[in-house]
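Report on the following structure.
Positions are given from 1 along the sequence.
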Amino acid sequence: MTAGTAAPALGEGAAPPRVLRHLARLGALLLKRAALLATLLALVFVTIELLPGDAATATSERGESAADVARRRALLGLDRPLPTRFWDWMSGLPTGDLGTSARGERVTDLISTAFPNTLLLGGIALLLTAVLSLALGCWAALRPGGRLDRAVSGTATAVLALPEFVVAVALVLVLSLWTGWLPAVTLTDADGNPASWTMLILPALALTVPQTGWNTRIVRAALADEARAPHVETALLDGLPPHRVLTHHVLPGALPTIAAGLATSTGMLLGGAVVVETIFNYPGVGAVLASAVTDRDTPVIAGVTALSGAVITGVLLAADLVRDAVAGGRR
């Protein structure tokens, strides 16, 4: 009786260390990525400092005297050392204070509408990328080495080499100018959002096409690696249908690699969105960022970078959780 009650106690005591190790690993990952983001933000401040001119001269009006520019420079704090300015800006991040722009606007207010629009566009593109790459990769994996497999792999390789602006121009020519099916530019409503959902289609497709090519190759390679696992060969010897082997034995093991590929695409989508938004006149952070670079507006550029980095970190963390969940299921 005593021996029978001892086993559950050991089993119960074994779980917390695993949980603690898991939490410690996630905490270490967050600290590492926070340090990388802080380094990137420091590079933003240094890079803007190295550009010719500063925010005071870039935003000065015609006819202003040197004394007026000097007063604006002091008002913006540009007369202080760069490390001091960087530390003051970083100290406001925990409270959500992204500073003040060169034109006197709160950076949080400036990007409060634009950044959600970019997240919406990037989220749609990421969802389409995930669905299309999974479908194409699994479809090709059902007949490895066949015509379909070679066609999907070759097309994916060609597509991933296309820059977003090339895809965007081609989509405008075909789906807007030649056929008139979709609007070529984005009009906004009173709140600064796209006036119609149809105006999201072309920008989302322009972001989706290159990333679908990239992720289709990742999905296909991950499925091919997992297909060589012993449990998959056993399932085939047992006479299970190929589609069942794919969905129940191959795909689950390939999910960590697929999730990591999609997480990597998040940064590429947010970076490509800046170009695509400019082409389609989309009301996202692309226009805000372009204006900020022209104005040498460091707080705005750093604010967009910080928010983008936070989103990418969250997606990477989700990919890590998927990998840990799959690894835990196998144990």
I'd like to know if the side chain of [X] reaches the main chain of [Y], judged simply by a donor and an acceptor atom lying under 3.5 Å from each other, with no hydrogens or angles considered.
X      : Y      : answer
Thr305 : Ile301 : yes
Thr266 : Ala263 : yes
Thr257 : Ala222 : no
Asp189 : Gly192 : yes
Thr95  : Gly92  : yes
Ser153 : Arg150 : no
Arg106 : Gly99  : no
Arg143 : Ala140 : no
Asp238 : Leu240 : no
Thr57  : Gly53  : no

Is the shortest side-chain heavy-atom distance between [X] and [Y] below 4.5 Å?
X      : Y      : value
Val219 : Leu223 : yes
Val185 : Phe280 : no
Val276 : Phe165 : no
Thr155 : Leu136 : no
Asp68  : Ser65  : yes
Arg220 : Val152 : no
Val107 : Thr100 : no
Pro83  : Phe45  : no

- Item | Criterion side chain to side chain contact (heavy atoms under 4.5 Å, CB included) against Pro283, the qualifying member of Thr188, Thr113, Asn193 |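 So, applying the side chain to side chain contact (heavy atoms under 4.5 Å, CB included) to Pro283 and each of Thr188, Thr113, Asn193, only Thr188 qualifies.
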For the residue pair [Y] / [X], report whether a side-chain donor-acceptor contact shorter than 3.5 Å exists.
X      : Y      : result
Ser265 : Gln211 : yes
Glu277 : Thr118 : yes
Ser91  : Asp88  : no

- Given side chain to side chain donor-acceptor pair (under 3.5 Å), test Asp109 with Ser112 step by step and report yes or no. CA-CA 5 Å; Asp109 296 337; Ser112 60; 5.2 Å; no
- Shared-cluster residues of Leu76, by chain and number - hydrophobic side chains joined below 4.5 Å: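 Leu78, which link up through side-chain heavy atoms under 4.5 Å apart, make up the rest of the cluster.
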- Look at the side-chain heavy atoms of Ile, Leu, Val, Met, Phe, Trp and Tyr, link any pair under 4.5 Å apart, and say whether Ile111 and Leu41 land in one connected group.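 Same hydrophobic cluster.
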Testing the basics here: between [X] and [Y], what is the closest heavy-atom pair and its distance to 0.1 Å?
X      : Y      : value
Trp89  : Ala306 : CH2-CB, 4.1 Å
Met268 : Glu164 : O-OE2, 4.3 Å
Leu207 : Ala273 : CD2-N, 3.6 Å
Ala125 : Leu269 : CB-CD2, 3.9 Å
Asn117 : Gly284 : CB-CA, 4.4 Å
Leu142 : His243 : CD2-CA, 3.9 Å

- Query: Just wondering, are more than 12 heavy atoms of other shown residues or ligands nearer than 6.0 Å to CZ in Arg80?
  - Reply: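 Yes.
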- Query: Between Arg103 and Asp297, does at least one N-O distance fall below 4.0 Å, as a salt bridge requires?
  - Reply: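 Here Arg103 does not pair with Asp297 in a salt bridge, since their nearest N and O are not under 4.0 Å apart.
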- Query: Should Glu49 and Arg85 count as an ion pair when the cut-off is N to O under 4.0 Å?
  - Reply: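 Salt bridge present between Glu49 and Arg85.
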- Item | Rounded distance [0.5 Å steps], OG1 in Thr84 versus CH2 in Trp87 |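 One gets 11.0 Å once the value is rounded to the nearest 0.5 Å.
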- Any idea how His249 and His231 line up, ring-wise: parallel (<30°), tilted (30 to 60°), or perpendicular (>60°)?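 Aromatic pair His249/His231 classed tilted.
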